[in-house]
Amino acid sequence: MSGRYELRFSGAGGQGLILAGVIMAEAAAIYDGKQAVQSQSYGPEARGGASKSEVIISDGPVDYPKATVVDALLALTQEACDKYSHDLKEGGVLLVDSDLVKRLPQGNFKTVSFPIINTAKNEVGREIVANIVALGAMVALTGVVTKESAEKAVLSRVPEAFIELNKKAFQTGYDKALAASK
Amino acid sequence: MAKKVAFMQGNEAAAQGALYAGCTFFGGYPITPSTEVAEVMSIELPKINGKFIQMEDEIGAMASIIGASLTGAKVLTSTSGPGLSLKQELIGYACIAETPCVIINVMRGGPSTGMPTGPSQSDVMCAKWGTHGDHAAICLVPASVQELFEETVRAFNLAEKYRMPVMIMPDEIIAHMRERIVFPEPGELEVINRTAPSVPPEQYKPYDTKFGDVPPLAAFGSGYRFHVTGLNKAEDGFPTTKAALVQAEEERQVRKVDANIDDIVTFEEYMLADAEVVIVAFGSTSRSARFAVNEARKAGIKAGMFRIKTFWPFPDKQIKALAGKVKAFITPEMNLGMCTGEVKRCAEGKVPVVGIFRVDGEPINPGQILDKIKEVK
């Protein structure tokens, strides 16, 4: 299991968490030259319902594509936090939206919280980029991919007209997470 | 020139594999978790002057690819469990009319509507026994995004070579996961095209065994005319009830695959040289098994894996040989014992076959397999 870093992005269907996971994996696999696998699990609903996207990053081949013990977990809803925090590793990282997740799991891990969705809405300007705010925060907290690679991966997924918006979302999430974890 | 590399989803890779193989017609009806195959084909086929058609249902979709194949096109449809059930009548038609076609069935929970977004491996029996009557079956079960691309190319090759439907059955995990893929250059992978008739139209018979067990198939629109039916047929394609002809025709259709098993069956042997406990696994479950084997080896247990890449025809010969050498088989699968039953048949009572079954929409994790290895060693 050494050399295997496991991330889980969770929340409600429609929050863009699968995309956040895909971008994280692309940052590792395409720009950082590591191996990565991204998988997802979601309900039959088009919107709502607990949804998760998992990313395994490794220096060697990734066999089992799902999480075994999670190194870093993002939870954007209380339901997702309740459902998906059971296998968070001792010493791992938990990032939650402080407005939406009030009951935190007990355990020996580092919990960081700030109002992720509210930040997207009011500071960046569009709620729709909450997933990129969260991604910036996860990159800052885990260090599992370089900031440069993650930014490149974000921008390669975004249409021209929205590049500045997403850059801002990524940087804001990155800075807020560092400030909140002090 | 550096090879083209992408970070891609399994379903997208399957569609790219089909295009690499020369597929020019897709007829389908969207269904989770296979829809991305159709999406990519709908974008890419018009660019190469191919045809994409979304039919009124899965039965129509299956009929459309049979018709298109008879015009000489390489054809594809994709679906999932409930759609596969609907296609079965026409899959039988493709078998008896000996029409090359490729069917991608992404396995989700079943029966019926089951669990649309949950992974499963419970359609593998449907690949062989879904349509009625004696018939040959080929079913491939890839375990990575790269392999899904390559096995899709191979599925087209087998369909064309043996003039029959070929199925690819990735489970939902393989179909939806994303990983790195290195695209083969054109010409790097073998691409097989069906044999065209060597006789003029007036002498052509669509099932003329003078040319072997796989008679050449003419394309409609190329000047050749022939009769196509779901009834047992004679060499000229017209229905017959003559006992000797029907018997010979049925046996030939099954023999096409039975006599060529070594050409069709593929598998991977992982750490089998000194293995005492052997996991027999396929699809995403084999990735959990590999993880578990590695962990078991670290703990000094002689574990190995036989990975099935071709589920039908089943690798009887290989499993029978292993049964004479090992202490136990473990068969993890996301169903209630389909592969396990086949392994037991091949093991012929020589060694225990211990299944691990899951049908709750969750994958079998490496820990479950490792626990079982420790239990049976």
Side-chain angles (χ1 to χ4, degrees), chain A residues 1-4 6-7 9 13 18-46 48-70 83-84 86-87 145 149 152-153 156-157, chain B residues 4-12 31-33 36 108-109 113-119 143-146 170-182 270 279 281 283-295 298 305 307 332 360-370:
Chain A
M1 283 181 223
S2 58
R4 205 180 140 99
E6 307 186 350
L7 301 106
F9 297 76
I18 289 177
L19 180 61
V22 171
I23 294 173
M24 180 65 107
E26 283 177 342
I30 297 178
Y31 301 103
D32 270 352
K34 294 186 176 175
Q35 308 237 17
V37 174
Q38 180 271 340
S39 70
Q40 56 212 317
S41 163
Y42 58 101
E45 308 91 344
S51 146
K52 66 174 172 175
S53 170
E54 292 179 343
V55 179
I56 316 296
I57 297 173
S58 174
D59 293 325
V62 178
D63 32 37
Y64 185 56
K66 302 272 180 181
T68 53
V69 278
V70 177
K83 197 169 170 184
Y84 298 131
H86 59 93
D87 50 3
V145 297
S149 295
K152 272 189 216 161
S156 76
R157 281 260 168 194
Chain B
K4 202 178 147 210
V5 172
F7 191 75
M8 184 175 264
Q9 193 179 61
N11 278 336
E12 295 166 348
I31 181 170
T32 298
E36 295 85 0
R108 69 188 223 186
T113 319
M115 206 185 303
T117 59
S144 71
V145 171
Q146 183 82 39
D171 52 72
E172 183 272 344
I173 294 172
I174 300 300
H176 269 166
M177 66 183 235
R178 290 175 176 85
E179 62 186 352
R180 194 169 181 267
I181 177 170
V182 181
Y270 184 67
I279 324 291
S284 68
T285 307
S286 71
R287 299 175 69 121
S288 307
R290 191 184 308 272
F291 193 117
V293 166
N294 290 341
E295 293 297 313
K298 281 181 207 162
M305 171 171 66
R307 179 165 74 89
D360 59 353
E362 292 296 324
I364 293 173
N365 62 57
Q368 277 182 279
I369 301 174
L370 187 59

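Side-chain atoms are counted along with the backbone in the values below, which use heavy atoms only and exclude waters and symmetry mates. Below, chain A is the first sequence line, B the second, and so on; all start at residue 1.
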Which atoms of B/Ile364 approach chain A - backbone, side chain, both or neither, heavy atom under 4.5 Å: backbone

Region of A/Val22 in contact with chain B, defined by heavy-atom distances below 4.5 Å: both

Selection from A/Ala36, A/Ser53, A/Ala29 maximising heavy-atom pairs under 4.5 Å formed with chain B: A/Ala36

Euclidean distance, A/Lys66 NZ relative to B/Glu362 CD, rounded to 0.5 Å: 8.0 Å

Largest heavy-atom contact set with chain A, pairs under 4.5 Å, which of B/Asn365, B/Val145, B/Thr285: B/Asn365

Closest approach of A/Val37 to B/Met177 (non-hydrogen atoms, all atoms of both residues): CG1-CE, 3.9 Å

Selection from B/Arg180, B/Arg178, B/Glu179 maximising heavy-atom pairs under 4.5 Å formed with chain A: B/Arg178

Partner chain A: residue of B/Pro366, B/Gly10, B/Ser286 with the largest heavy-atom pair count (under 4.5 Å): B/Pro366

Shortest non-hydrogen separation from A/Asp63 to B/Phe291 and the atoms involved: OD1-CD1, 3.1 Å

Contacting region of A/Ile18 [heavy-atom separation from chain B under 4.5 Å]: side chain

Side chain to side chain, A/Tyr64 and B/Pro363, heavy atoms closer than 4.5 Å: yes

Heavy-atom side-chain contact between B/His176 and A/Ser39 under 4.5 Å: no

Nearest-0.5 Å distance that lies between atom CD in A/Glu26 and atom CE in B/Met8: 10.5 Å

Segment of B/Thr32 engaging chain A (4.5 angstrom heavy-atom cut-off): side chain

